[in-house]
Amino acid sequence: MTRVVLPRTLAELWEEFAKAPQGLVFAGGTDLFVRLRSAATPPATLIGLERLDELRGVEEAGDTLRLGAATPVADLAATPALRRDFPVLCRGLESMGGPALRNMATLGGNLCTASPAGDSLPPLTVLDATVVLLSCRGERTLPIGEFLVAPGRSALRPGEVVGSVLLAKPAGETKQFFEKVGRRRANAIAVASLAFVARISAGGDWTEVRCAYGSVGPTVVRAREVESILTGPPPDPDRIARAQQAARRAVCPIADLRASAEYRRAVAGNLLYRLLDPP
Amino acid sequence: MRVAFVLNGVPTEVDCPPDTRVIDLLRGELGLTGTKEGCGIGECGACSIHVDGRLKLACLMIAAQLPGRRVTTIEGIASAAGGLHPLQEAFIDSGAVQCGFCTPGMIMAGLELLARCPDADREQVRRGLSGNLCRCTGYQKIVDGVLALVPPPGPPEPEKEDR
């Protein structure tokens, strides 16, 4: 029979890891419990993080926001400090599943599932998020780009959990954008998504442009050529057209039951139309 | 394991394997078959329940998560006198029920939305129900049913008199 433990402190969590090094960790359970339905044998031990207060909540410390990894995404998306400074992330979180699922699913879970279609991942990439990993030996940090390794694979080591995600608050005005294209508006896995952040200089130019796609490659695709094309004054239709060509070169989509590779490539470019000011 | 929690206001204890899905515990062990299982993988909302007042999916929760929690199912929302909840009445009046399979989940989602957002507009209701699939109604009448419980906007504030 499967043993299930819900540690209340990190000290208890490390004890459970020592007892069951192969224990499967879940936070919201919205991905793991679906996968377990088709597992050949039930796991010996499940370790749930939902009662671990040390991994929950949002803390502001100076210019940094610390998002507890086991915080449900609905709570994060409703946090005023996030809505103010990181709308690109809130839009991404609000596009996940439906209301009930967002009350369960957590940010750390979306990271560790490391799906090419994880809706928080392109926003976290353009925000240069730092992932804090905890184990009984202490903590280490990784930039989001190094944490995400391959489809379904992260840099998480045995005995580690994601403790939190750190975001640096933007100094000054930014333009932020997220949009997900799916087969329907809710409870849909992304066909393609775009996250965009730029700092707006005193003269109105876009600087420090960051552009990342979801669902069009094995992990998040950072479109660096698009970023350089869009650096400068707000783009006109000609520059958007050049950026679209660059975006279609940058992505490497697959065809699956949700969309063809060609459709994904077309959508990746078309999403950049949204960055044009409405006429 | 022994699982002690509050179910529809009543302290409840059951003995079951800790990885029993909550949907199976409710429908099997506890005989509460109002909560439905549609897809079993978190995509249809038919198994929506409230846990500590928040909308959750009983197909993606296990018994070990319940100790100390307050669980409300469709069976627990009736009025004190045992009659239907006003939202259930509104669903009937709006023609929001056809085959009825999605209805318990829709009601639970609608109730959470109205608790969070008592003056919800149509768009907010649509978002609040967006995790629940219905294959009969086309949704409009379900949205109408929830909106029936939103009080109409009051008369405009009287203009302040200059002093």
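Values in this document were obtained by computation on a predicted structure and should not be read as measured data. A note on names: the letters A, B, ... follow the listed sequences, proteins ahead of strands, and every chain is numbered from 1.
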Subject >> Beyond-backbone contact of A:V34 with B:E43, side-chain heavy atoms, under 4.5 angstrom >> reply: no
Subject >> Engaged part of B:L113 at the chain A interface, taking heavy atoms whose separation is under 4.5 Å >> reply: neither
Original post:
Looking at CG of A:L46 and CD1 of B:I62, how far apart are the two atoms once the value is rounded to the nearest 0.5 Å?
Top reply: 5.5 Å
**OP:** Might you work through the side chain to side chain contact (heavy atoms under 4.5 Å, CB included) test for A:M104 and B:V51, ending with a clear yes or no?
**Re:** CA-CA 10 Å; A:M104 305 169 75; B:V51 179; over 6 Å; no
Original post:
Any side-chain heavy atom of A:R51 sitting closer than 4.5 Å to one from B:P67?
Top reply: yes
**OP:** Measure the CG-CD1 distance between A:D31 and B:I41 for me, rounded to the nearest 0.5 Å.
**Re:** 11.0 Å
Subject >> side chain to side chain contact (heavy atoms under 4.5 Å, CB included) assessment of A:N103 paired with B:E112 >> reply: CA-CA 11 Å; A:N103 282 340; B:E112 197 213 32; 3.0 Å; yes
Subject >> B:C44 portion near chain A, given a 4.5 angstrom heavy-atom threshold >> reply: backbone
Subject >> side chain to side chain contact (heavy atoms under 4.5 Å, CB included) assessment of B:K56 paired with A:T30 >> reply: CA-CA 10 Å; B:K56 301 217 171 170; A:T30 54; over 6 Å; no
**OP:** Enter the distance from A:R3:CZ to B:M1:CE here, rounded to the nearest 0.5 Å.
**Re:** 11.5 Å
Original post:
Should B:P18 and A:M1 count as side-chain neighbours, where that means a heavy-atom distance under 4.5 Å?
Top reply: yes
Subject >> Contact origin within B:A109 toward chain A - heavy atom pairs under 4.5 Å >> reply: neither
Original post:
Do you know which of B:G128, B:G40, B:G42 has the most heavy-atom pairs under 4.5 Å to chain A?
Top reply: B:G40
Subject >> Rounded distance (nearest 0.5 Å) linking atom CZ of B:R21 with atom CG of A:L36 >> reply: 11.5 Å
**OP:** Check the surroundings of atom NZ in A:K175: do more than 12 heavy atoms from other residues, nucleotides or ligands lie under 6.0 Å from it?
**Re:** yes
Original post:
Is it the backbone or the side chain of B:C39 that comes under 4.5 Å from a heavy atom of chain A, or both, or neither?
Top reply: backbone
Original post:
OG of B:S130 to CD of A:E94: how many Å apart, nearest 0.5 Å?
Top reply: 11.0 Å
